[in-house]
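Taking it in order: structure first as structure tokens, then the write-up.
Computed over heavy atoms, backbone and side chain alike; hydrogens, waters and symmetry mates excluded. Proteins get letters first, then strands, A, B, ... in listed order; numbering begins at 1 in each.
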Number of protein chains: 2
Amino acid sequence: MNQGPSAAADSAMPAIAGAEAGLGLRERKKLRTRQAIRAAARRLIDERGYDSTTIEQIAAAAEVSPSTVFRYFPSKEHIVLTDDYANFTMAFLRERLADEPPLTALRGVLTEMVRGFAGDLSEDYRWRRRLVRRVPAVRALVGESQDRWIDTVSEVLAERAGVPADNLELRVLVGAVTGALHQVLWGDRSEDTDLVAMIERALVVLEHPDSLGYPGTTG
Amino acid sequence: MNQGPSAAADSAMPAIAGAEAGLGLRERKKLRTRQAIRAAARRLIDERGYDSTTIEQIAAAAEVSPSTVFRYFPSKEHIVLTDDYANFTMAFLRERLADEPPLTALRGVLTEMVRGFAGDLSEDYRWRRRLVRRVPAVRALVGESQDRWIDTVSEVLAERAGVPADNLELRVLVGAVTGALHQVLWGDRSEDTDLVAMIERALVVLEHPDSLGYPGTTG
DNA sequence: TAGCTAAACGATAGCAGCTCTCACTTGAGA
DNA sequence: TCTCAAGTGAGAGCTGCTATCGTTTAGCTA
């Protein structure tokens with residue numbers, strides 16, 4: 001959980017556009033160090049691959065000591081994949097989950113989330129997706145993030161539906177939606193269309209699971 | 001993938017009851033070494049926890065060298081969680097997946113799989129489930145296993161449905177089913193009823209996702 | 001402007017998981 | 001019985017990660 005000082009601050013997140021606004025010199029330096037480590041890691045990994053890139057090399061390229069790297073990121077994987085993705089979700093989850101049938105409520109949350117997260121299929125997102133597919137350690141991190149997401153969503157939905165948070169049916173539903181979302185976000189497909197459109201297609205499948213809708217029936 | 005010599009041989013799997021049948025002395029010794037490592041690991045982990053148990057201690061308790069431990073298991077996690085679970089599935093997957101609508105076809109496979117895998121809620125299964133919940137590394141292993149499962153099931157279903165294996169709708173469906181299955185197998189619920197019955201309840205949810213079926217409507 | 005406090009940093013040591021190499025032992029088949 | 005290959009142990013070494021400690025530096029206050 002703890003990600004070192006002022007986690008979830010850089011990254012290509014929407015909003016929070018003009019960072020470095022009213023921050024003191026100290027905060028600005030931290031932000032820059034964080035970005036420097038990230039940039040160095042990305043460059044080195046592109047050059048020689050994830051496994052062949054050591055923390056020592058990343059530290060040297062970012063001009064800090066190895067210990068400093070671990071002060072900013074709890075593990076090597078976290079350097080390439082911050083989970084402000086999860087934080088980002090939690091923020092508006094409780095507000096957006098309306099008093100509708102669960103799947104209907106989730107539809108809105110999912111589309112909005114994906115739109116904010118990586119709706120533009122940015123270069124940065126694609127880079128991360130490639131790593132998620134290639135590197136087991138990074139993949140594991142995504143899994144942890146998803147588990148937390150399932151817990152939170154289940155809690156909120158349970159509250160609204162008036163069932164205990166560990167209700168099997170509820171968790172199965174959230175688990176299924178998450179499993180579907182996972183395929184959309186990190187799946188290995190040749191096509192690379194709009195993520196929001198893909199979410200729509202996924203939801204159609206979830207609503208009519210016994211009649212596979214093929215491309216074109218999306219509506 | 002490679003798990004050392006003669007992987008997936010012990011474990012509390014059904015069938016394959018009378019192991020050590022027509023094997024030579026060499027094979028029998030290997031089997032016994034494998035079981036000794038497993039038993040030692042389980043005992044030590046029960047005593048002092050997963051993280052506090054080192055490979056060196058396990059090796060000493062099993063009366064082998066640390067290098068030998070890694071010859072039998074590719075990683076520490078694999079000692080407690082072999083994925084013959086996955087192998088077991090693949091074996092009869094292609095035969096059992098009938099030419100029915102995907103979800104209908106999966107229903108049979110899931111129940112039969114769970115029945116064979118851990119339908120009895122055995123002590124061994126519960127022990128593994130506790131570790132999966134507690135230890136991130138073990139949890140990650142389950143995730144990898146699931147990814148492979150999704151790939152295989154998707155391939156088989158794609159073949160029958162006449163669509164490419166990376167078809168989005170198909171992978172979303174399989175991903176959703178897997179996400180639901182995950183909750184049933186490894187979820188953290190207080191209740192501890194029959195797994196097969198829980199699978200049934202999960203399938204009801206998948207078929208009618210917009211009307212949460214509460215306990216009792218299982219049928 | 002001078003000085004105090006706490007945050008940030010670098011250096012060092014150390015542990016555990018994992019890989020690789022090499023020499024030795026032992027079971028299996030000719 | 002002899003030979004070969006599989007199995008094993010010992011050891012060295014790399015890497016991710018943690019913890020400690022002394023030093024530097026930013027930010028506040030007098």
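The side chain of A:Y72 contributes no N or O atom lying less than 4.0 Å from OP1 or OP2 of C:dA8. In this structure, B:K76 does not reach the C:dC18 phosphate: none of its side-chain N or O atoms is under 4.0 Å from OP1 or OP2. A:T33 has a side-chain polar atom (N or O) that falls below the 4.0 Å cut-off from OP1 or OP2 of C:dC9. A sub-4.0 Å separation between OP1 or OP2 of D:dG7 and a side-chain N or O of B:K30 is present.
Rounded to whole Å, the distance from CZ on B:R28 to C1' on D:dA6 is 16 Å. Taking atom CZ of residue B:F70 and atom P of nucleotide C:dG17, one finds them 7 Å apart after rounding to whole Å. Atom CD1 in B:I55 sits about 16 Å away from atom C1' in D:dG9, given to the nearest Å. The nearest whole Å value for the distance from the CZ atom in B:R34 to the P atom in D:dT8 is 12 Å. One atom, CZ of B:R26, and another, P of D:dA5, lie 11 Å apart when rounded to the nearest Å. Rounding to whole angstrom units, CG of residue A:L31 and P of D:dA26 are separated by 16 Å. We find that CZ of B:R32 is positioned 15 Å from C1' of D:dG7, with the value rounded to whole Å. Atom CD of A:E27 and atom P of C:dC9 are 11 Å apart (whole Å).
For B:S75, the side-chain atoms get nearest to C:dC18 when compared with the rest of D:dA26, C:dG10, C:dC18.
A:S52 comes within contact range of no nucleotide atom at all, as no heavy-atom separation falls under 4.0 Å. A:T54 comes within 4.0 angstrom of the backbone, heavy atoms only, and of no base.
Counting heavy-atom neighbours within 6.0 Å of A:R133 CZ, excluding the residue itself, gives a total above 12.
Counting atom types as modelled, A:R71 pairs a side-chain N or O with a base atom of C:dG10 as donor and acceptor under 3.5 Å.
When each of A:E56 and A:S67 is assigned the nucleotide of DNA chain D bearing its nearest heavy atom, the one mapping closer to the 5' terminus is A:E56. Of the two residues near DNA chain C, B:E77 and B:K29, the one whose nearest nucleotide lies more 5' is B:E77.
Taking 4.5 Å as the limit, some side-chain heavy atom of A:L185 sits within range of a side-chain heavy atom of A:Y125. Inter-residue side-chain proximity for A:T53 and A:Q57 is flagged as met; some heavy-atom pair is nearer than 4.5 Å. Inter-residue side-chain proximity for B:R34 and B:F73 is flagged as met; some heavy-atom pair is nearer than 4.5 Å.
Proximity of a side-chain donor or acceptor of B:T33 to a complementary backbone N or O of B:K29 within less than 3.5 Å is detected.
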